[in-house]
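Given the structure is predicted, the values throughout are model-derived calculations rather than measurements.
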Amino acid sequence: MKSLFRGTRDSLSSLALVLALFCAAILTTLAAPADLSAAECTGNCQHGGYWIVSTYRMPQEPGCCPKSMNFSCYYKPVCSSMRPSSMSEMQASLIPGAPTCIFVHGSFVGIDHALDEARYTYHWLRRGKPQCPLNVICLVWPSDDIDALLPAVSVMHNGLLADHNGIYLSHLIDCLPAESPLSLIGHSHGTRVISSCLHFRGGGDVLGCKRTGPPCPNRSIVGIYAAAAINHEWLVPGDKFGQALTQVDCILNLVNRKDIALTVYPLVSPRYGRALSQTGTTMIDRRRLGPYNQKMHEMDLTFAVGIRHAWSLYYSNIEISRAISPYIHRHRRPAGANDFAEECDQPELQTSDGSLPIDLPEPASRDKRISIMLPGPTPAAVTSALFPEDEPLPPAPEAETTTK
C-alpha cells in the first residue's frame with residue numbers, strides 16, 4: 001500500500017509540475033499591448049525609429065563557440081514600414097553621444113510577437129523622457145520553442161539558448177560606440193541573455209566558451225532586469241554569472257513577488273532556485289557580493305504589475321518607464337543644442353580624473369525598496385498590427401493589472 005501511495009503521489013506531483021509550468025508559459029506569452037494613439041506615433045516621427053538585430057540565422061548550438069557573427073539587421077522608421085539594413089548602416093545612424101538602449105525579450109516569444117514587443121517597448125521608452133535623444137536596439141533571438149507535454153525541458157533548453165545568445169549580445173555591444181552610455185533591458189530569460197553577456201565580457205566561461213582578444217573597453221553599462229528568470233545567487237562572484245557585475249555601473253532589479261511564472265521557476269530543475277525578481281537580493285547574497293553590493297539596485301513593482309509574467313504589464317505602465325529613465329538617460333549628451341528640451345542641454349561636470357560622474361539613484365535597502373503604484377486603471381489596450389504603424393489598430397481586451 002505504501003508503495004502504491006508513494007507512486008500515486010509522485011505521479012500527481014509530476015502532473016502538477018507540468019500543469020504549473022504550462023500555465024506559466026501561457027501567462028508569459030499572453031500579451032496585452034499598451035495603447036498607442038495616432039497622434040503619439042505622428043509626434044515621434046522626428047525621432048526616427050529603432051533597430052531590430054536578429055540572431056535567428058546564426059548558429060544556435062549551445063556549447064559550440066560561435067565562429068561567425070553575421071547579424072540580420074532591420075530598421076523600423078516610426079511612421080513607415082520596416083526595411084532590411086546592415087550593421088554598418090546602424091553604426092552610422094546612431095545619435096553620437098546619446099544613450100543607447102538594447103532590449104532583449106524572454107522565452108516563448110515568436111518572431112511576430114518579438115516585433116510587436118519591440119514596437120511597443122520603443123514608444124514606452126521614448127515616453128519616459130520624450131525630450132531626450134535615445135538610440136533603441138531590440139535583440140531578437142530564437143526562443144519560441146515550447147513543448148506542451150514537457151514544458152520544463154523547453155524552459156531548460158531556452159535557458160541554454162539564452163546563455164549562448166549572450167555571446168552574440170557581447171559582440172553586438174563591441175560594435176557600438178564606446179562613448180555612448182549603454183543600458184541593457186531584459187525580460188524573463190532576456191535577463192539571462194544579458195547576464196551571460198556581461199559574465200562573458202568579464203572573462204567568465206559561458207558553456208565552455210571564453211572571450212579571446214584584448215580586454216573589453218571600459219564603458220558605462222547599466223542592466224535593468226524585469227521578471228528576471230535567473231537564480232537570485234547567480235550574480236554572486238564565483239557563481240554562474242559571477243563576473244557580470246564587474247562590467248556594469250549597476251543592475252536595477254525590478255522585484256515582483258506575485259509573479260506566478262517565477263513562483264514555479266524552482267520546480268523546473270534541481271539546479272533552479274528562487275528567482276531573482278521574486279525574492280530580490282537576499283541578505284546572504286548581499287554579504288557574498290562584497291564590494292559589488294552597491295551595484296545591485298532594486299525597485300519593488302509588486303503592486304504595479306501583479307501576478308502575470310507578461311512584458312506587456314511593464315510597457316503598458318508609463319510610470320515604470322519614468323522610474324527607470326534615470327538609469328537610461330544618465331550622462332546625457334544631446335546631439336544638437338536646438339533639437340531637444342532645455343533639461344537635456346545642461347552642461348556636464350567632470351570629476352578630477354576627467355571622467356563623467358555617475359548620477360544614479362541610491363540602492364534601496366531590503367526593507368525600503370522603491371515602490372511603484374499605478375496612478376489609475378490601465379487604459380484600453382490595443383493589439384499591435386505589424387508595420388507600418390500609422391495604420392489604425394483593432395481593439396483588444398484590457399490589460400490585467402493589480403493595484404494596491
Side-chain angles (χ1 to χ4, degrees), residues 13 15-35 105-109 113 116-117 120-121 124 143 146 148 151-152 154-155 158-159 185-192 224-232 252-269 272-282 298-321 323-324 364 366 369-383 396-404:
S13 299
L15 179 61
L17 172 58
V18 170
L19 290 175
L21 290 172
F22 182 71
C23 291
I26 294 300
L27 285 171
T28 301
T29 57
L30 288 178
D35 186 14
H105 64 76
S107 282
F108 311 126
V109 176
H113 189 182
D116 280 344
E117 285 195 347
Y120 283 98
T121 300
W124 176 69
S143 69
I146 178 171
S154 296
V155 172
N158 281 348
I185 302 181
H187 171 252
S188 190
H189 264 158
T191 64
R192 184 160 172 172
I224 301 176
Y225 286 11
I230 63 174
N231 288 23
H232 66 87
L252 174 63
N253 178 34
L254 305 180
V255 179
N256 180 12
R257 302 187 183 281
K258 293 184 178 181
D259 191 315
I260 189 171
L262 297 184
T263 300
V264 300
Y265 172 83
L267 302 177
V268 173
S269 164
Y272 283 47
R274 292 176 296 166
L276 176 64
S277 280
Q278 187 177 57
T279 66
T281 308
T282 67
E298 292 185 339
M299 184 182 296
D300 198 324
L301 303 182
T302 300
F303 296 102
V305 178
I307 66 172
R308 289 182 57 197
H309 189 69
W311 175 233
S312 61
L313 272 297
Y314 293 83
Y315 67 65
S316 63
N317 189 341
I318 185 59
E319 296 301 319
I320 297 178
S321 179
I324 67 174
R366 180 171 173 79
R369 291 191 178 91
I370 304 172
S371 182
I372 301 297
M373 297 285 295
L374 284 174
T378 302
V382 294
T383 302
E398 294 187 356
E400 297 178 8
T401 57
T402 302
T403 56
K404 187 173 181 180

Smallest heavy-atom separation, A228 atom then A275 atom, equals O-CB, 3.7 Å

In short, S277 meets A226 closest at the heavy-atom pair OG-C, 4.2 Å

* Would you say the side-chain atoms of T263 pair up with the backbone N or O of D259, donor to acceptor, closer than 3.5 Å? -> yes

### Query
Got a donor-acceptor contact below 3.5 angstrom from the E298 side chain to the V255 backbone?
no

Correct closest heavy-atom pair for R308 and N256 would be O-ND2, 4.1 Å

Note to self: Are K258 and V305 packed together at the side-chain level, in the sense that at least one heavy-atom pair is separated by less than 4.5 angstrom?
What the structure shows: no

On a heavy-atom basis, the closest approach of G159 and H189 is N-CE1, 3.7 Å

In this structure, CD of Q278 is separated from NE2 of H232 (nearest 0.5 Å) by 10.5 Å

To the nearest 0.5 Å, atom CD1 of I185 lies from atom CD1 of I324 at 4.5 Å

ask   = Should the pair W124 and W311 be assigned to parallel (<30°), tilted (30 to 60°) or perpendicular (>60°) ring geometry?
value = perpendicular

Residues F108 and S154: closest non-hydrogen pair is CE2-CB, 3.9 Å

To the nearest 0.5 Å, atom CD of E319 lies from atom CG of L301 at 11.5 Å

Donor-acceptor pair, side chain of H187 and main chain of H309, under 3.5 angstrom = yes

Interatomic distance, OH@Y272 vs CD1@I230, rounded to 0.5 Å, equals 11.0 Å

Nearest heavy-atom approach of G106 to S188 is CA-CB, 4.1 Å

Next on the checklist: Do Y265 and N231 make a side-chain contact, defined as non-hydrogen atoms from C-beta onward lying under 4.5 Å apart?
Outcome noted: yes

dist I307:CD1 -> T302:OG1 (nearest 0.5 Å) comes out at 12.5 Å

Here the gap from T191 atom OG1 to L276 atom CG, rounded to the nearest 0.5 Å, amounts to 7.5 Å

Short question: side chain of N158, backbone of S143 - any donor-acceptor pair under 3.5 Å? yes

